[in-house]
Amino acid sequence: MKKIKKMTAAVTGMAVLLALLGGCAHISQSEEQPNIDYGSIDTDTQVVEAQDETNADAQDEQGTPVFIDEKLDENLFISAELKMPETNLYEYATQLKSFDYDKVQEAIGQNAEGILAVDDGSDEFAGGSLTYQRNDMANHLDTYCSYAGEMGLTDDRDLSFMSRADAIARMQNLIGMLGVGGEPEALDVAAMDRADFEDVKKAIMEDGDYQFLSAKGYGSDTFDEGLEVYRIIFRMDVYGIPVYRNEPNLRQTSERFLAYPVTITALLSNNGIEMITMTGMFEPYDGEQKEAVIIGEDGIKEAIMKKFGDVILTSEFRAKNIWMEYFPLLREDSFTEMDLVPVWCVDFEVDGQSVEDSRYSIRFNAATGEEIS
């Protein structure tokens, strides 16, 4: 079972990641057009916030761009920039992280209050997860920061107790102490002080879509004088290539469970670490395992044609975004062992809808061209 220790406050248990991966769509050659479930996956807010930055930053890690603009087949087009990786890539064998509770507690360094829960490897369905909340208020602070980011109510600035750069470095150091695989990179940083929290609280209470939070005590929240908080969303990189974070949608091609999203969110205030949540963390990979010879422009076009070529498309599909990431592909009959596989991710516009609205994306194994999701 997962090891959980209560210190002063109660907290909701870890959410099962299967809920993030509930949607799937598969195209059969017997169908006239793809069966698309545009709203099948309810992506976590923190993932949606950082999606654009993830895709753009991932492309920056790769080589000189080549723009591809051509018709592949009837109603099938590609109009996207492609950047090949500048270095050789490898597939890595690893498994979901088993955390040492005492080491995590020592790294957090706050023993007077709060609760800490970790996946210590004793649970068959362990998800490489960790959560720490200093008190009940930490979850509320996270909600306020998330709402402020979504509504554009935050700006990039340094707080008086610590600079943004130092806050990022502190949390990166803590993540490093936990012995997880990959290198944490900050995607999004929200800086808020007491006045910001008061403004956001008022906005939430006046927002009809968030009235349910009143019943959870948000309307009566008070904030300490001088409170300042950074909320930092991290992604994990493997030698400069981002690891799958559940953006855009995962489309399962089989009945088996494919992967756990890799996500990290941290709240750091002038009182210390308010919260840190980590899901899908994996053990460090032991060096080069298997070299992957990456397919390029022709291979990607061939993979797309294999996916759609024998289907009569009644909607126009246009590949608009192409980027590379590592996909933590779970092995058959295992919920913990995985291979980190380099994949090409392709976003499509459907009938002129934006990529965000079409919600149709495919991942191809970057070495074989095989569709993964």
Chemist: Roughly how far, to the nearest 0.5 Å, is CG of Leu258 from CE of Met338?
Modeler: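 Atom-to-atom, Met338:CE and Leu258:CG are 11.5 Å apart.
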Chemist: Could you go step by step and tell me if Asp120 and Tyr101 meet the side-chain contact (heavy atoms from CB on, under 4.5 Å) rule?
Modeler: CA-CA 7 Å; Asp120 61 5; Tyr101 180 89; over 6 Å; no
Chemist: Can you sort out the partners of Glu198 under side-chain contact (heavy atoms from CB on, under 4.5 Å), two or more places apart, ordered by chain and number?
Modeler: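 Testing Glu198 for side-chain contact (heavy atoms from CB on, under 4.5 Å), a comparison that skips the adjacent residues, returns Arg194, Lys201, Phe223.
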Chemist: Can a salt bridge be assigned to the pair Asp119 and Lys97 using a cut-off of 4.0 Å between side-chain N and carboxylate O?
Modeler: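 A salt bridge is absent here (no side-chain N lies under 4.0 Å from a carboxylate O).
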Chemist: Pick from Leu96, Leu340, Val341, Val238: which one makes a side-chain contact (heavy atoms from CB on, under 4.5 Å) with Pro328?
Modeler: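 So the option named by the test is Leu340.
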Chemist: Is Val180 reachable from Met177 through a run of I, L, V, M, F, W or Y residues, each pair having side-chain heavy atoms under 4.5 Å apart?
Modeler: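 Hydrophobic grouping puts Met177 apart from Val180.
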Chemist: Strictly below 4.0 Å, N to O, side chains only: are Lys306 and Glu371 in salt-bridge contact?
Modeler: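 Glu371 and Lys306: not salt-bridged.
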Chemist: What's the spacing between Leu187 CG and Ile232 CD1 if we round to 0.5 Å?
Modeler: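 Interatomic distance, Leu187 CG to Ile232 CD1, rounded to 0.5 Å: 11.5 Å.
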Chemist: Mind listing the closest non-hydrogen atom pair of Glu91 and Ala292 along with its distance?
Modeler: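 Residues Glu91 and Ala292, closest heavy atoms: CG-CB, 4.4 Å.
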Chemist: Are the side chain of Gln172 and the backbone of Pro184 linked by a donor-acceptor contact shorter than 3.5 Å?
Modeler: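 Between the backbone of Pro184 and the side chain of Gln172 there is a qualifying donor-acceptor contact (under 3.5 Å).
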Chemist: Between Asn270, Leu267, Leu159, which is the residue that forms a side-chain contact (heavy atoms from CB on, under 4.5 Å) with Val229?
Modeler: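 Only one of Asn270, Leu267, Leu159 forms a side-chain contact (heavy atoms from CB on, under 4.5 Å) with Val229, namely Leu267.
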Chemist: Taking the side chain as C-beta and beyond, is there a heavy-atom pair between Asn365 and Phe327 under 4.5 Å?
Modeler: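 With C-beta onward as the side chain, the pair stays apart.
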Chemist: Would you say Tyr326 and Val262 make side-chain contact, with heavy atoms under 4.5 Å?
Modeler: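 Counting from C-beta outward, Tyr326 and Val262 never come under 4.5 Å.
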Chemist: Can you list everything that forms a side-chain contact (heavy atoms from CB on, under 4.5 Å) with Ala169? Sequence neighbours excluded, please.
Modeler: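 Expected list: none.
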Chemist: Consider side-chain contact (heavy atoms from CB on, under 4.5 Å). Of Leu72, Asp310, Ile300, which one does Met305 pass it with?
Modeler: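 Looking at Leu72, Asp310, Ile300, the match for Met305 under the side-chain contact (heavy atoms from CB on, under 4.5 Å) is Leu72.
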Chemist: Using the rule that two of Ile, Leu, Val, Met, Phe, Trp, Tyr join whenever any of their side-chain heavy atoms come within less than 4.5 Å, decide whether Ile322 and Phe77 are in one cluster.
Modeler: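 No: no chain of side-chain contacts under 4.5 Å links Ile322 to Phe77.
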Chemist: For Glu283, is there any backbone N or O sitting under 3.5 Å from a side-chain donor or acceptor partner on Gln95?
Modeler: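 No, the answer is negative, given that no donor and acceptor are paired below the 3.5 Å cut-off.
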Chemist: Apply side-chain contact (heavy atoms from CB on, under 4.5 Å) to the pair Val104 and Tyr132, showing each step before the final yes or no.
Modeler: CA-CA 10 Å; Val104 174; Tyr132 168 81; over 6 Å; no
Chemist: Do Tyr218 and Thr143 pass the side-chain hydrogen bond (donor to acceptor under 3.5 Å, both in side chains) test, and can you show the C-alpha distance, the side-chain angles, and the key distance before you say yes or no?
Modeler: CA-CA 10 Å; Tyr218 282 75; Thr143 300; 3.0 Å; yes
Chemist: Any side-chain to backbone donor/acceptor pair from Tyr230 onto Arg164? Under 3.5 Å, distance only.
Modeler: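 Yes; judged by distance alone, with no hydrogens or angles, the pair exists.
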Chemist: Measure up the Phe308 and Phe317 rings against each other and bin them: parallel (under 30°), tilted (30 to 60°), perpendicular (over 60°).
Modeler: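 Rings of Phe308 and Phe317: tilted, as their planes differ by 30° to 60°.
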Chemist: Heavy atoms, side chains only, cut-off 4.5 Å: are Leu130 and Met281 in contact?
Modeler: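 No - every pair of side-chain heavy atoms lies 4.5 Å or more apart.
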Chemist: Check Ser315 against Asn75 and note the closest heavy-atom contact, atom names and distance.
Modeler: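 Minimum heavy-atom contact is O-CB, 3.5 Å.
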Chemist: Rounded to the nearest 0.5 Å, what separates atom CG in Asn321 from atom CZ in Phe348?
Modeler: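 Reported value, rounded in 0.5 Å steps: 10.5 Å.
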Chemist: With side-chain hydrogen bond (donor to acceptor under 3.5 Å, both in side chains) as the test, would you mind laying out the steps for Asp158 and Ser163 before giving the verdict?
Modeler: CA-CA 5 Å; Asp158 288 341; Ser163 69; 5.1 Å; no
Chemist: Run the numbers on Asp207 and Met151 for side-chain contact (heavy atoms from CB on, under 4.5 Å), then give the verdict.
Modeler: CA-CA 11 Å; Asp207 190 329; Met151 299 300 176; 4.0 Å; yes
Chemist: What pair of heavy atoms forms the shortest contact from Ser358 to Gln353, and how long is it?
Modeler: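 For Ser358 versus Gln353, the nearest heavy atoms are CA-OE1, 3.7 Å.
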Chemist: Does any non-hydrogen side-chain atom of Arg235 lie less than 4.5 Å from one of Asp237?
Modeler: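 Result yes, sub-4.5 Å side-chain heavy-atom pair found.
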Chemist: Just checking Tyr285 against Tyr90, ring centres under 6.0 Å apart?
Modeler: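 So the answer is no for these two rings.
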Chemist: Is there a donor-acceptor pair closer than 3.5 Å between any side-chain N or O of Glu70 and the backbone N or O of Ile78?
Modeler: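 Judged by distance alone, no pair lies under 3.5 Å.
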Chemist: I need the Leu268 CG to Met162 CE distance, nearest 0.5 Å.
Modeler: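 It comes to 5.5 Å.
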Chemist: Treating Glu316 as the side-chain partner and Leu76 as the backbone partner, does any N or O pair qualify as donor plus acceptor under 3.5 Å?
Modeler: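 Side chain of Glu316 to backbone of Leu76, a donor-acceptor pair under 3.5 Å: no, none is there.
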Chemist: Where do Val200 and Ala148 come nearest, in terms of heavy atoms and distance?
Modeler: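 So the two residues come closest at CG2-CB, 3.7 Å.
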Chemist: Working to the nearest 0.5 angstrom, can you tell me the gap between Asp166 CG and Phe161 CZ?
Modeler: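 If I round to the nearest 0.5 Å, the distance is 10.0 Å.
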Chemist: Could you check whether any side-chain heavy atom of Asp196 comes within less than 4.5 Å of a side-chain heavy atom of Leu153, counting everything from C-beta outward?
Modeler: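 They are not in contact (no side-chain heavy atoms under 4.5 Å apart), so the answer is no.
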Chemist: Give a yes or no on whether the backbone of Lys320 and the side-chain of Glu349 come within a donor-acceptor separation of less than 3.5 Å.
Modeler: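 Absent.
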Chemist: For the pair Glu274 (side chain) and Leu141 (backbone), establish whether a donor and an acceptor sit closer than 3.5 Å, ignoring hydrogens and angles.
Modeler: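 No; zero donor-acceptor contacts below 3.5 Å.
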Chemist: So how far is it from Ile115 CD1 to Thr131 OG1, rounded to the nearest 0.5 Å?
Modeler: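 Reported value, rounded in 0.5 Å steps: 7.0 Å.
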Chemist: State plainly whether one hydrophobic cluster holds both Met205 and Met137, where clusters connect Ile, Leu, Val, Met, Phe, Trp and Tyr through side-chain heavy atoms under 4.5 angstrom apart.
Modeler: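 Met205 and Met137: one cluster.
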Chemist: Under a 4.5 Å cut-off applied to non-hydrogen side-chain atoms, are Ile273 and Arg170 in contact?
Modeler: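 Yes - at least one pair of side-chain heavy atoms lies under 4.5 Å apart.
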Chemist: Would you say CD of Glu302 has more than 12 non-hydrogen atoms from neighbouring residues, nucleotides or ligands within 6.0 angstrom?
Modeler: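 Not buried by this count: 12 neighbours or fewer within 6.0 Å.
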Chemist: Side chains of Arg331 and Asp339: does their closest heavy-atom pair fall under 4.5 Å?
Modeler: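 Yes - at least one pair of side-chain heavy atoms lies under 4.5 Å apart.
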Chemist: Provide the closest heavy-atom pair for Arg359 versus Glu356 in the form atom of the first, atom of the second, distance.
Modeler: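 Closest approach of Arg359 to Glu356, heavy atoms only: CG-O, 3.2 Å.
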Chemist: State, with a plain yes or no, whether a side-chain heavy atom of Ile304 is found less than 4.5 Å away from one of Trp344.
Modeler: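 The answer is no, as the side chains (C-beta and beyond) never meet within the 4.5 Å cut-off.
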Chemist: Would Tyr92 and Phe282 count as a close aromatic pair, with their ring centres under 6.0 Å?
Modeler: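 Ring centroids of Tyr92 and Phe282 are no less than 6.0 Å from each other.
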Chemist: For Glu325 and Val343: C-alpha separation, side-chain torsions, deciding distance, then whether side-chain contact (heavy atoms from CB on, under 4.5 Å) applies.
Modeler: CA-CA 6 Å; Glu325 70 181 20; Val343 298; 3.5 Å; yes
Chemist: What's the shortest heavy-atom distance between Ala367 and Ile295, and which atoms?
Modeler: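 Taking every non-hydrogen atom into account, O-CG2, 3.6 Å.
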